[in-house]
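These notes are about the structure you will find just below.
Computed from a predicted model, the values in this text were never measured in an experiment. Side chains included, hydrogens not; waters and symmetry mates left out as well; all remaining heavy atoms used.
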Amino acid sequence: AYDNTGAMTVHLLLYKGSNTDTGHTIDIQVFSGIGDTEMGSATAAITATTATEYSASLTGANVGAHPGVINVSLVPGAHPNDVVNLLAMWIEYTRKS
């Protein structure tokens, strides 16, 4: 179980096939349950052509108490010239004691 008084961080391990589209980000959209307000944020500009970690922080208080769930959507910005490769995604959180 997680402690929703602490922060949560969504991590992405990804890279681009080239770096033509330099200002592009990925919007990590996070919803607590169904119909809640979106509480995610965008990554920094993605420029790496080798596996690199990008992340977005969430306020734990915005996530419903256990046994709540979160839904995560990844929405890439325009990147017509670059392939984006997602290798892994994970969430760090504080365990409830």
Side-chain angles (χ1 to χ4, degrees):
Y2 64 89
D3 179 354
N4 70 334
T5 63
M8 300 176 83
T9 305
V10 178
H11 298 268
L12 305 176
L13 183 64
L14 52 88
Y15 68 95
K16 293 165 52 170
S18 64
N19 196 25
T20 305
D21 303 317
T22 58
H24 137 265
T25 63
I26 293 181
D27 185 12
I28 302 173
Q29 296 185 349
V30 180
F31 301 86
S32 181
I34 298 171
D36 194 18
T37 302
E38 197 275 314
M39 63 178 139
S41 61
T43 63
I46 298 168
T47 58
T49 56
T50 58
T52 302
E53 181 182 335
Y54 293 85
S55 64
S57 294
L58 312 175
T59 301
N62 291 337
V63 178
H66 179 76
V69 298
I70 61 172
N71 299 291
V72 180
S73 298
L74 303 177
V75 181
H79 59 286
N81 303 298
D82 293 332
V83 172
V84 177
N85 300 286
L86 176 64
L87 303 172
M89 182 181 102
W90 66 98
I91 299 173
E92 287 183 352
Y93 60 91
T94 304
R95 267 181 81 119
K96 190 171 191 137
S97 42

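The distance from atom OG1 of Thr50 to atom CG of Asn85, rounded to the nearest 0.5 Å, is 11.5 Å. Going from atom NE2 of His79 over to atom OG1 of Thr22 covers 14.0 Å, rounded to the nearest 0.5 Å. Atoms CG and CG, from Leu87 and Leu12 in turn, are 10.5 Å apart once rounded to the nearest 0.5 Å. Annotation: the span from His24 atom NE2 to Thr47 atom OG1 amounts to 11.0 Å, rounded to 0.5 Å. Rounded to the nearest 0.5 angstrom, Gln29 CD and Glu38 CD are separated by 4.5 Å. Interatomic distance, Ser57 OG to Ile28 CD1, rounded to the nearest 0.5 Å: 9.5 Å.
The shortest side-chain heavy-atom distance between Thr49 and Tyr15 does not fall under the 4.5 Å cut-off. Looking at Ser55 and Thr9, their side chains come closer than 4.5 Å, going by heavy atoms from C-beta outward. Taking 4.5 Å as the limit, some side-chain heavy atom of Pro80 sits within range of a side-chain heavy atom of Asp21. For the pair Val30/Asn71, no side-chain contact is recorded, criterion being any heavy-atom separation below 4.5 Å from C-beta on.
A salt bridge does not link Asp3 to Lys96: none of the charged side-chain nitrogens sits closer than 4.0 Å to a carboxylate oxygen.
With hydrophobic clusters built from ILVMFWY side chains whose heavy atoms lie under 4.5 angstrom apart, Leu58 does not share a cluster with Val69. Residue Ile46 is grouped with residue Met89 when hydrophobic side chains (ILVMFWY) are merged at heavy-atom distances under 4.5 angstrom, including chains of intermediate members. A single hydrophobic cluster is seen to contain both Leu86 and Val72, as judged by linkage of ILVMFWY side chains at heavy-atom distances under 4.5 Å, directly or through other members. Phe31 and Ile70 fall into different hydrophobic clusters, where Ile, Leu, Val, Met, Phe, Trp and Tyr side chains are chained together by heavy-atom contacts under 4.5 Å. Taken together through direct or relayed side-chain contacts under 4.5 Å among Ile, Leu, Val, Met, Phe, Trp and Tyr, Ile26 and Leu13 form parts of separate hydrophobic clusters.
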Worksheet item: Could you walk me through whether Glu92 and Met8 pass the side-chain contact (heavy atoms from CB on, under 4.5 Å) check?
Response: CA-CA 6 Å; Glu92 287 183 352; Met8 300 176 83; over 6 Å; no
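Few gaps surround OH on Tyr54; more than 12 heavy atoms of other groups in view lie less than 6.0 Å from it.
A donor-acceptor contact closer than 3.5 angstrom links the side chains of Asp82 and Ser18.
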